[in-house]
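Everything on this sheet refers to the single structure shown next.
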Amino acid sequence: MPELPEVETVRRSLARELAGRRIVGVREIGWPRTIAAPSPDELCLALCNRVIEGVDRRAKYLLIRLDNAETLAVHLRMTGQMLVVPADVPSDKHTHVIVTLDDGRELRFHDTRKFGRWWLLNAEGLAALESKLGHEPLESGFTVEALREGLRGRRTKIKPLLLDQSIVAGIGNIYADEALWLAQIHPLRTADSLNEAELVALHAGIVAALDQGVTRRGTTLVNYRDANGEGGENQHFLNAYGHTGDPCPRCGTPIERLIVGQRSTHICPVCQVF
DNA sequence: CATTACCTGCAA
DNA sequence: TTGCAGGTAATG
């Protein structure tokens, strides 16, 4: 579910609610596999009485900074939600971790499909995570040159490469389709077949698609919510993703759906010629 | 490369 | 009942 714009929206809302809060304890871990490392017991001990200094994001990871130089890294995967609610709000069977805060509220991890994961990382663990991730596409280091370098020598299809987090970090299935539609590039084109103008257009398409997603506070198709339970609005502004059969907003040709790299993919067959 | 696994819910 | 879903890791 959540890609960069959704995770960034969660980050902003979480930061507002959590910055400066002290963790009283971990009240419940209903699905222990959520805690990837260390063990659930160790996590409870480590979080108790820690103060949350801030919430950052890297790629699709939320990074909750603690006052002992450790970081709670959270990946929402498909259906994860990080919700901050008063302790008396009832929780349902999909709430898998409950952290109690010093203001009478709780941080709750809600995750229908149970794919989301938490890791408690020290500086070394964070460095290991960082080493696997490519450019942050909304930061100044993500230039056309950086994209060209990331794709250099790759003879595989461009769409799976956009989903490869070690090249550009944070793009998922929705924004990959949107970026390619904006750039008017067919998802089956190989990276090494793109000319300079197409690379420039792809770079601009990635930035524009993600930037619009952040501005609209994310795309809520089904599950995505921010820390306050609010959905986003970007679902009303998608051009290609999920629009099979609808007219292309640019040329009117019906949007087509195909499978690329085992992922559902949406294109305008006229604007995005192979 | 592709396939399978991890999970649940929902629509066809 | 089957297939599909915004993600990723592991395995042929």
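So that the names make sense, note that chain A is the first sequence line, chain B the second, and so on, each numbered from 1.
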As a quick check of understanding, evaluate side chain to side chain donor-acceptor pair (under 3.5 Å) for A:Thr79 and A:Asp111, giving each step before the final call.
CA-CA 5 Å; A:Thr79 57; A:Asp111 186 17; 2.6 Å; yes
Name the pairs: protein N/O against N/O of nucleotides 8-12 of chain C, kept only if under 3.5 Å.
unit_1 : atom_1 : unit_2  : atom_2 : d
C:dT8  : OP1    : A:His75 : NE2    : 2.8
C:dT8  : OP2    : A:Lys60 : NZ     : 2.9

Distances for protein N/O vs nucleotides 10-12 of chain B N/O pairs under 3.5 angstrom?
none

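In this structure, the side chain of A:Gln235 engages the main chain of A:Gly232 through a donor-acceptor pair within 3.5 Å. At least one donor-acceptor pair closer than 3.5 Å links the side chain of A:His243 to the backbone N or O of A:Leu238.
Stretches of at least 3 consecutive Watson-Crick or G-U wobble pairs, with each checked distance under 3.5 Å, appear in DNA chain C as B:1-6 with C:7-12, B:8-12 with C:1-5.
In the region residues 114-129 of chain A, proximity to DNA chain B at under 4.0 angstrom, judged on heavy atoms, holds for A:Lys114, A:Phe115. Of the residues in residues 209-228 of chain A, those lying under 4.0 Å from DNA chain C by heavy-atom distance are A:Thr219, A:Leu221, A:Val222, A:Asn223, A:Tyr224.
Contact between the side-chain N/O atoms of A:Ser264 and the OP1/OP2 oxygens of C:dA5 is found at a separation under 4.0 Å. Contact check, A:Lys93 against B:dG9: a side-chain N or O comes under 4.0 Å of OP1 or OP2. Contact between the side-chain N/O atoms of A:Tyr241 and the OP1/OP2 oxygens of C:dG6 is found at a separation under 4.0 Å.
Residue A:Thr265 holds its OG1 atom at 9.0 Å from OH of A:Tyr241, rounded to the nearest 0.5 Å. If you take CG on A:Asn122 and CG on A:Leu66, they are separated by 12.0 Å, rounding to the nearest 0.5 Å.
Using a cutoff of 4.0 Å between basic side-chain nitrogens and carboxylate oxygens, A:Glu6 and A:Arg217 are not scored as salt-bridged. Between A:Arg189 and A:Glu198 there is a salt bridge, with a side-chain nitrogen of the basic residue lying less than 4.0 Å from a carboxylate oxygen of the acidic one. Between A:Asp192 and A:Arg154, no side-chain nitrogen of the basic residue sits less than 4.0 Å from a carboxylate oxygen of the acidic one, so the salt-bridge criterion is not met. Using a 4.0 Å cut-off between charged side-chain N and carboxylate O, A:Arg65 and A:Glu70 make no salt bridge. The pair A:Arg12-A:Asp226 fails the salt-bridge criterion, with no side-chain N (NZ, NE, NH1 or NH2) lying under 4.0 Å from an Asp/Glu carboxylate O.
Between A:Trp118 and A:Phe109, the angle of the ring planes goes over 60°, which puts this pair in the perpendicular group of the 30/60° scheme. Ring planes of A:His110 and A:His94: perpendicular class, angle over 60° (limits at 30 and 60°).
A:Trp119 places none of its side-chain heavy atoms less than 4.5 Å from the side chain of A:Thr71. By the 4.5 Å heavy-atom criterion applied to side chains, A:Val26 and A:Ile98 are not counted as neighbours.
Tested against A:Leu151 for a side chain to side chain contact (heavy atoms under 4.5 Å, CB included), the candidates A:Leu161, A:Asp164, A:Leu162 yield a single pass: A:Leu161.
Taking atom NZ of residue A:Lys159 and atom C1' of nucleotide C:dG7, one finds them 13 Å apart after rounding to whole Å. Remark: P of C:dG6 and NE2 of A:His243 are 14 Å apart, rounded to the nearest angstrom. Computed from coordinates, the A:His94 NE2 to B:dC7 C1' distance equals 10 Å when rounded to whole Å. When rounded to the nearest whole Å, the span between CZ of A:Arg155 and C1' of B:dC1 equals 14 Å. Atoms CZ (A:Arg113) and P (B:dG9) sit 11 Å apart, rounded to a whole Å. Note: CG (A:Leu188) to P (B:dC1) measures 11 Å, nearest angstrom. Protein atom CZ of A:Arg33 is 7 Å distant from nucleotide atom P of B:dC6, rounded to whole Å. Separating the NE2 atom of A:His96 from the P atom of B:dC7 is a distance of 10 Å, rounded to the nearest angstrom.
When the C1' atom is compared between C:dG6 and B:dC1, the two are found 23 Å apart, to the nearest whole Å. Straight-line distance between the P atoms of C:dT8 and B:dG9: roughly 22 Å, to the nearest whole Å.
A:Glu136 meets the side-chain hydrogen bond (donor to acceptor under 3.5 Å, both in side chains) test with A:Arg57, A:Arg58; sequence neighbours excluded.
Between A:His203 and A:Phe142, a ring centre-to-centre spacing shorter than 6.0 Å is recorded.
Nearest nucleotide to the A:Arg257 side chain, out of C:dA5, B:dC6, B:dG9: C:dA5.
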